[in-house]
Trainee: 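The structure under discussion is supplied below as structure tokens; questions concerning it will follow.
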Amino acid sequence: AKASTGTNSVFYQQDMEKQTRRRYLLDADMRTALAQNDFFMVAQPQVNQHGDIIGAELLIRWQHAELGFISPDEFIGIAEKSGFIIPLGEWIFEQACLCITRLQHTPLKQHIKVAINVSAKQFYQAEFIERISGLISKHKIKVSDIELELTESAMLEDIQLAVTKITALKQIGFELSIDDFGTGYSSLSYLKHLPVDKIKIDKSFVSLIDKREDSRAIVEATMLIARTFKLGLIAEGVETAAEVATLSNMGCNEFQGYYFHKPMALNDFISLLTA
Ligand code: C2E
Ligand code: CA
Ligand code: CA
Ligand code: CA
């Protein structure tokens with residue numbers, strides 16, 4: 001499809017213009033969206049080898065008044081560019097605090113951890129730790145109930161500053177995970193300087209684990225790394241029983257994925273826990 005005709009490039013240009021306009025619109029609409037509650041969080045349960053729920057990752061959703069559902073893959077990048085991710089990230093953190101408070105008021109059989117995604121821009125902001133510590137005090141929750149997920153590539157943007165910040169976050173008591181592990185094309189030497197708790201095996205490797213030898217090798221290497229550095233390990237994007245079986249045989253015993261649970265409304269998550 002390389003032989004691009006004149007019409008094709010016209011369509012291409014129209015597509016680009018449409019996309020630019022959409023980005024512009026989303027960018028402009030974010031502030032009002034936050035004010036009028038068009039953002040909300042969903043929870044995707046995380047389970048152990050018995051299928052028991054041990055935690056949840058909170059994921060943001062945007063129900064746009066005219067455009068309908070917008071994926072975080074689309075708008076988080078826009079929010080990072082504009083800087084809106086700072087107030088939005090704080091709102092997300094506060095939603096996590098509220099979720100934990102709700103869980104505390106719910107009679108549960110097991111302890112549930114709540115994970116949230118922290119964007120690079122938010123993480124490297126000078127006041128980040130101060131701001132989230134303020135929210136922790138305001139909501140009087142246990143710091144260790146919140147797990148912060150940072151992508152490997154975010155940590156690698158400025159590894160020295162990341163080590164300093166993560167060390168400080170650990171001292172306060174936060175749990176930290178490396179998200180999208182294996183996609184950062186990094187040297188692994190940085191790991192020994194990072195006091196993180198857990199690695200999340202990226203779904204791109206999980207989905208190919210039974211199909212491609214290289215993906216399988218990356219997952220095996222990741223498990224070895226987790227064992228060596230005494231880190232927790234969770235596989236994300238687990239969709240089939242075969243993937244669960246392969247991962248279990250390899251020694252992974254925490255899972256997140258559609259095979260177990262899809263992301264769901266917080267009310268449904270609470271119902272699921274108390275069922
Ligand atoms: P992520 O942090 O890697 O989140 C995992 C994504 O995989 C989620 O997509 C989740 O719904 C999806 N997923 C979970 N299990 C499966 C599965 O079995 N199969 C498949 N195909 N997908 C699965 P989602 O919610 O659309 O989020 C996409 C990305 O947007 C996230 O990737 C994260 O990078 C970002 N994001 C989402 N919520 C937030 C947030 O609150 N703050 C920030 N900074 N980023 C967020
Ligand atoms: Ca994540
Ligand atoms: Ca991930
Ligand atoms: Ca991802």
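Remember, it's 1-based here, ligands and their atoms both numbered in the order they're listed. Because only heavy atoms are used, hydrogens play no part in the values below, and waters and symmetry mates are left out as well, while side chains stay in. Only a predicted model underlies this, so the values are computations on that prediction, with no experimental measurement involved. Residue numbers start at 1 and run along the sequence shown.
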Trainee: Using a strict 4.0 Å threshold on nitrogen-to-oxygen distance, state whether E236 and K200 make a salt bridge.
Mentor: yes
Trainee: Of all the N, O or S atoms in E149, which has the shortest distance to the Ca ion (ligand 2)?
Mentor: OE1
Trainee: Are F39 and F75, when compared by the centres of their aromatic rings, separated by less than 6.0 Å?
Mentor: yes
Trainee: If the contact criterion is a heavy-atom separation under 4.0 Å, does E57 count as touching ligand 1?
Mentor: yes
Trainee: Report the part of M41 (side chain from C-beta onward, or backbone N, CA, C, O) that has a heavy atom under 4.0 Å from ligand 1; answer both or neither where that applies.
Mentor: side chain
Trainee: Does a side-chain N-to-carboxylate-O contact under 4.0 Å join E90 and R131?
Mentor: yes
Trainee: Can any side-chain N or O of N249 pair as donor or acceptor with the backbone N or O of A245 at less than 3.5 Å?
Mentor: yes
Trainee: Has S71 got a side-chain atom pairing as donor or acceptor with D73's backbone, closer than 3.5 angstrom?
Mentor: yes
Trainee: Which ligand 1 atoms does G257 reach within 4.0 Å, using its non-hydrogen atoms?
Mentor: 15 (N), 18 (O)
Trainee: Verify the distance test for D180 against the Ca ion (ligand 2): any N/O/S atom under 3.0 Å, yes or no.
Mentor: no
Trainee: If we set the cut-off at 4.0 Å for heavy atoms, which region of D179 has an atom near ligand 1: side chain, backbone, both, or neither?
Mentor: side chain
Trainee: Looking at Q125, is its backbone amide N or carbonyl O close enough to the side chain of K165 to form a donor-acceptor pair, meaning the two atoms are under 3.5 Å apart?
Mentor: yes
Trainee: What do you reckon, does S71 have a nitrogen or oxygen under 3.5 Å from a nitrogen or oxygen of ligand 1?
Mentor: no
Trainee: Classify the contact between K262 and ligand 1 as side chain, backbone, both or neither, using a heavy-atom distance cut-off of under 4.0 Å.
Mentor: neither
Trainee: I need the atoms of ligand 1 closer than 4.0 Å to a non-hydrogen atom of E239, numbered in the order shown.
Mentor: 17 (C), 18 (O), 19 (N), 20 (C), 21 (N)
Trainee: By number and element, which atoms of ligand 1 are closer than 4.0 Å to a non-hydrogen atom of K203?
Mentor: 6 (C), 7 (O), 12 (C), 20 (C), 22 (N)
Trainee: So, does S215 use its side chain to make a donor-acceptor pair with the main chain of K211 at under 3.5 Å?
Mentor: no
Trainee: What angle, to the nearest 10°, do the atoms OD1 (N117) and OE2 (E57) form about the Ca ion (ligand 2)?
Mentor: 90°
Trainee: Please note down the angle at the Ca ion (ligand 3) between OD1 of D179 and OE2 of E236, to the nearest 10°.
Mentor: 100°
Trainee: Below 4.0 Å, non-hydrogen atoms only: which portion of Q256 touches ligand 1? Side chain, backbone, both or neither.
Mentor: neither
Trainee: Is T151 close enough to the Ca ion (ligand 2) that one of its N, O or S atoms comes in under 3.0 Å?
Mentor: no
Trainee: Ignoring hydrogens and angles, tell me if any N or O in the side chain of Y124 forms a donor-acceptor pair with the backbone of A154 under 3.5 Å.
Mentor: yes
Trainee: Counting only heavy atoms, tell me which of L150, I60, D73 gets closest to atom 28 (C) of ligand 1.
Mentor: D73
Trainee: So if I count the atoms of ligand 1 from 1 in the order they appear, which ones are less than 4.0 Å from some heavy atom of D180?
Mentor: 3 (O)
Trainee: Counting heavy atoms only, which part of V238 comes closer than 4.0 Å to ligand 1: side chain, backbone, both or neither?
Mentor: backbone
Trainee: I want to know if ligand 1 touches Y259 in the polar sense, i.e. an N/O pair below 3.5 angstrom.
Mentor: no
Trainee: Just jot down the ligand 1 atoms closer than 4.0 angstrom to any heavy atom of G237, in number order.
Mentor: 15 (N), 16 (C), 17 (C), 18 (O)
Trainee: Check I76 against ligand 1 and report side chain, backbone, both or neither, counting heavy atoms closer than 4.0 Å.
Mentor: side chain
Trainee: If we set the cut-off at 4.0 Å for heavy atoms, which region of Q44 has an atom near ligand 1: side chain, backbone, both, or neither?
Mentor: side chain
Trainee: Main chain of E66, side chain of H64: is a donor-acceptor contact present, judged purely on distance under 3.5 Å?
Mentor: yes
Trainee: Should E94 and H139 be marked as a side chain to side chain donor-acceptor pair (under 3.5 Å) after you check the CA-CA gap, both sets of side-chain angles, and the distance that decides it?
Mentor: CA-CA 8 Å; E94 191 144 32; H139 290 276; 2.6 Å; yes
Trainee: Look at R22 together with E74 and state whether they make a salt bridge at an N to O cut-off of under 4.0 Å.
Mentor: yes
Trainee: Has ligand 1 got any nitrogen or oxygen that is less than 3.5 angstrom from a nitrogen or oxygen of Y258?
Mentor: yes
Trainee: Once ring-ring contact (aromatic ring centres under 6.0 Å, His included) is applied, what residue pairs with a partner in residues 223-258 remain, sequence neighbours excluded?
Mentor: F255-F260
Trainee: Under 4.0 Å from a heavy atom of P263: which atoms of ligand 1 are those, numbered in the order shown and with their elements?
Mentor: 11 (O)
Trainee: State plainly whether the residues E149 and K198 are in salt-bridge range, i.e. N to O under 4.0 Å.
Mentor: no
Trainee: Identify which one of D197, L194, T222, V196 satisfies the side-chain contact (heavy atoms from CB on, under 4.5 Å) criterion when paired with L231.
Mentor: V196
